[in-house]
Visitor: 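Sharing a structure below in C-alpha cells format, with a few things to ask.
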There are 2 protein chains.
Amino acid sequence: MEPAGRPSPPSLTALRAFEAAARHGGYVAAARELNVTPAAIGTQVKGLEAWLGRPLFHRLPNGLVLTPEGRAVLPALSAAFDALNGAVRTMRAVGRPRELTLAALPCIAQLWLAPRLPGLQAAFDLDLAILTRDEQPDYARELVDLGLYFGAAAPAGCTAVVLARDDLFPVCAPVLAARLRRPADLGGATLLHDSVWREDWPRWLHAHGPGALRPAREATFSLYGIALDAAIAGSGVLIGHSALVGKLLAEGRLVAPFGERVVTGPPLRLIVPEGGDGRLAPVVRWLKGEGGPNSAVPHDSLEPEPVAATG
Amino acid sequence: MEPAGRPSPPSLTALRAFEAAARHGGYVAAARELNVTPAAIGTQVKGLEAWLGRPLFHRLPNGLVLTPEGRAVLPALSAAFDALNGAVRTMRAVGRPRELTLAALPCIAQLWLAPRLPGLQAAFDLDLAILTRDEQPDYARELVDLGLYFGAAAPAGCTAVVLARDDLFPVCAPVLAARLRRPADLGGATLLHDSVWREDWPRWLHAHGPGALRPAREATFSLYGIALDAAIAGSGVLIGHSALVGKLLAEGRLVAPFGERVVTGPPLRLIVPEGGDGRLAPVVRWLKGEGGPNSAVPHDSLEPEPVAATG
DNA sequence: GACGAAGGCCAAGAAAATCTTAGCCTGACC
DNA sequence: GGTCAGGCTAAGATTTTCTTGGCCTTCGTC
C-alpha cells in the first residue's frame, strides 16, 4: 500500500522530523529538539523514506549519514522550516505585542536579570517570560525573543551585543578574606565549585595560583546561585564572575581577596535573533545601558578597555 | 489549559489550515484544498486563535475577513508553506527522477495527450502520472509537474507555453454534413453540447449563425469526449475545438461543414511551474514540438501564423 | 416573504496519526 | 569483555485530527 500513486504529500510531522534529524545528524538530538523520543523520529523518517521510495540516510554502524538525495533536499527544507518558524514568531509578536520571552543561563537569570526585571518592566510595560536553560536555545526554531548567555560569538543567524565583560576571580565572605593574603593561602580554605563551571578554579589557579595547591576541602554546587549563597555564608571561596557578582561586591557581602588577579572569560552577551520585530530594539538598547553601570567590576583598571571576543 | 505559558509552537496542521483558509477567504475552499471537511478547518483555526490569544478572522455574517493580525502574518506564512511545498517537490523529483505528474482537463488528456503518450514515453523513459481535473491545480501546493489547460494566461508563479491555438467551429459526421450547407441549416440538426463548455454554441452562433436559430433537438454531455463520440456516431453537430479534433478531422471521421467560420478561444497551454527541476526542460520542448504538426487544424489559412503568448 | 443554498459553528464520537515503552542489535571505547 | 550510545522494531496507548449531524444566519430567487 505504499506506492499508492496518488501524489498525496508527506505529513508535515514527517518532514519536520527528517529535517531535525538531518540537521542534527542523529535521531537522539532531533528527538530532544522536538520533545519526543528517538523512536518517534525514526518512525517518521522511515515513513518519509517509504513515501519517497528511497532512503534519505545511510545507516552506518556508528550513526546516520545523509544520502545524496537527502543532502540535496535538506537546505530547501531547512529554509522552509526556518521561514515557517519566523512566521510563527511574527505571528505571536503581532498577537501579543506586550509579551517578551527571554532565555538565559539560570545563574544569569538569577543574578543579572532578576535585579533588573523591575526596571525593565517599568520601562516597557512588558509581559516577560523567562526561560532558564543551560544551553542556548535554537533561536530560529523556538519562540525566544532574546537570549542572555556567556559566549565568544553570536550563534548563526543572530546578532549579539556585549552587555558586560566577564572576569573571573576568587570571592568570599569578608570574614574569610582576612586569612587570604596570597593565593597560596587558598591551601587552607574550602574551594567552592559550580558543576557546570568546573574549569573556573583550574583556570584561575593556572594563571595566578601557587604551583601545587591542595585545598583543605572542596564543595560542588549544581547551581551557581547556591554556590554564591554558600560563599556569602562563609562556607568557602568561589570563583566569582564579574558580570554576576558586581552587586554583591558593591554591597560588601562578598569581597575579592585577590582583586587584581583575574582571568577573562567570554563576555555576557545579549543575543538578538535576526529578523526580529522592531519592538525589540528599545529593549535591547535599555539592556545594553544596564550592562555597563550596574555590573560594576571592582577594579577600575579593567573598565576602560573594551573587550575583544576570544576564540 | 490553553494559556499554558510554555511557548510551545502551534501545530503545523493548524498553521496550514489557517493559511489555506486565509488564502481562500473561507473554510469551504480551504477544506477542499486540504481534503478535509470545513469543520476540521474551523477547529484548527479556532485552536490557533486560542494559542495566539486573539482572533485571526472577523466572523462577519456573510463570511470571513482577516483581522489586522491575520493579515499581517499571512504573507510570511504563505511564503513559508510555498517554500515547504517547493522542498517537497524537489524531494520527490530527486527521489524519483523518472516520474512526471501531468494535470490536464479530462478532454485534453483524452484527445490531445493520450495519442501522444506513447511517443512521450518512448522519448524520455518516464513514469507518467496523468491527473485529470476540471480546474487547474495549485502548482505551488500540489505535486504536479506540468499542466495542460486552455487559458488566456499562465497562473501566478508559472510560465506557460502555447501548444496550439484553439478555434471553435461546428463538426459532425460526414453523413450529416451533406445537409449542412449554410449555418441556417443547423435549425434542422441536433446540437450537441458539453456541459462545461455550454458557451461554445452560443459564441459560435453569435458570430456566424443565423439570427434566430431553433435547433430541432439538443443534447448535453458531461464529458467532451463522449459528446465527440456522439458526433462521430452521427447524433448531431458539436462545436469542435481545433486543438482537440485535428486528428479526427484528418482521418475524415469528422468534418467541419462551415470550415472557415471559426471563433477563437484561449489557446491550449502547457503550464510550467517556476522553480521546477531541470529535467522538465526537454519534456517541455518535446511537447511544444508536438503542438504544431499533429494538432493540424483543417484550414491551411490558419496554420502559418505563429501564436504569440498573451500577457 | 417564503425558500433553498451556502457558509460558519458546535459537540460528540470515530478514525487516524503520532508517540511511548521495552527489548534487541550493532559497533565503539575503555 | 563489559558497557555505552545509538538505531531498529513491534505492540499498545495516547493524542490529535477528522467526520457526522444538527443548528443558525445571510443572501439571492422566485
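First the proteins, then the strands, lettered A, B, ... as listed; each starts at 1. These numbers were taken from a predicted model, which means no experiment stands behind them.
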Visitor: Given C/dG8, is OP1 or OP2 found less than 4.0 Å from the side-chain N or O atoms of B/K46?
Guide: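 For C/dG8, OP1/OP2 do not have a side-chain N/O of B/K46 under 4.0 Å.
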Visitor: Taking only the side-chain nitrogens and oxygens of B/T37, find out if one of them lies under 4.0 Å from OP1 or OP2 of D/dC18.
Guide: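 So the side-chain polar atoms of B/T37 never come under 4.0 Å of the phosphate oxygens OP1 or OP2 of D/dC18.
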Visitor: Could you check whether A/S11 gets within reach of a base, just the sugar-phosphate, or nothing at all, counting any heavy atom under 4.0 Å?
Guide: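 Sugar-phosphate only.
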Visitor: Rounded to the nearest Å, what distance is computed from the CZ atom of residue B/R16 to the P atom of nucleotide D/dT17?
Guide: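 The distance from CZ of B/R16 to P of D/dT17 comes to 10 Å, rounded to the nearest Å.
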Visitor: Is the distance between the ring centroids of A/W197 and A/F150 under 6.0 Å?
Guide: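 Yes, close enough.
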Visitor: CD1 of B/I41 to CG of B/L34: how many Å apart, nearest 0.5 Å?
Guide: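 Between atom CD1 of B/I41 and atom CG of B/L34 there are 4.5 Å.
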Visitor: Without decimals, in angstroms, what is the distance between A/L48 CG and C/dT18 P?
Guide: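 Nearest whole value for this atom pair: 11 Å.
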Visitor: Measure from CG on A/L12 to C1' on D/dT16 and round the result to the nearest Å.
Guide: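 From A/L12 CG to D/dT16 C1': 14 Å.
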Visitor: Assuming nearest nucleotide by heavy-atom distance, tell me which of A/A40 and B/G42 is located more 5' along DNA chain C.
Guide: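 Here B/G42 is the residue nearer the 5' end.
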Visitor: Among C/dG8, C/dT20, D/dG6, which is the nearest nucleotide to the side chain of A/V28?
Guide: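 So the nucleotide nearest the side chain must be D/dG6.
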Visitor: How close or far is atom P of D/dT26 from atom CG of B/L64, stated in whole angstroms?
Guide: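 Rounded to whole Å, this separation is 15 Å.
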Visitor: Would you mind classifying the nucleic acid contact of A/T13 as base, sugar-phosphate or nothing, using non-hydrogen atoms under 4.0 angstrom?
Guide: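 Sugar-phosphate contact only.
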Visitor: Measuring to OP1 and OP2 of C/dC9, would you say a side-chain N or O of B/Y27 lies under 4.0 angstrom away?
Guide: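 Indeed, a polar side-chain atom of B/Y27 lies that close.
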Visitor: Once you round it to whole Å, what is the distance between P of D/dT17 and CD1 of B/I41?
Guide: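 Checked: the CD1 to P distance equals 12 Å.
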Visitor: We want to know whether B/E19 and B/S78 form a side-chain donor-acceptor pair, criterion being a heavy-atom distance below 3.5 angstrom.
Guide: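 A donor-acceptor contact under 3.5 Å links the two side chains.
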Visitor: Are A/Q44 and C/dC19 close enough that a side-chain N or O sits under 4.0 Å from OP1 or OP2?
Guide: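 It does, given that an N or O in the side chain of A/Q44 lies less than 4.0 Å from OP1 or OP2 of C/dC19.
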Visitor: Between B/Y224 and B/H241 (side chain of the first, backbone of the second, donor and acceptor by atom type, cut-off under 3.5 Å), is there such a pair?
Guide: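 At least one qualifying donor-acceptor pair exists.
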Visitor: Whole-Å distance between D/dT19 P and B/L34 CG?
Guide: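 Rounding to the nearest Å, CG of B/L34 and P of D/dT19 are 10 Å apart.
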Visitor: May I have the distance from B/R59 (atom CZ) to D/dT26 (atom C1'), rounded to whole angstrom?
Guide: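 Going from CZ in B/R59 over to C1' in D/dT26 covers 17 Å.
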Visitor: Step through the shown structure and confirm whether more than 12 heavy atoms of other residues, nucleotides or ligands are within 6.0 Å of CZ on A/R54.
Guide: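 Yes, the 6.0 Å shell around CZ holds more than 12 heavy atoms from other groups.
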Visitor: Expressed as a whole number of angstroms, how long is the span from B/R32:CZ to C/dA6:P?
Guide: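 Answer to the nearest Å: 11 Å.
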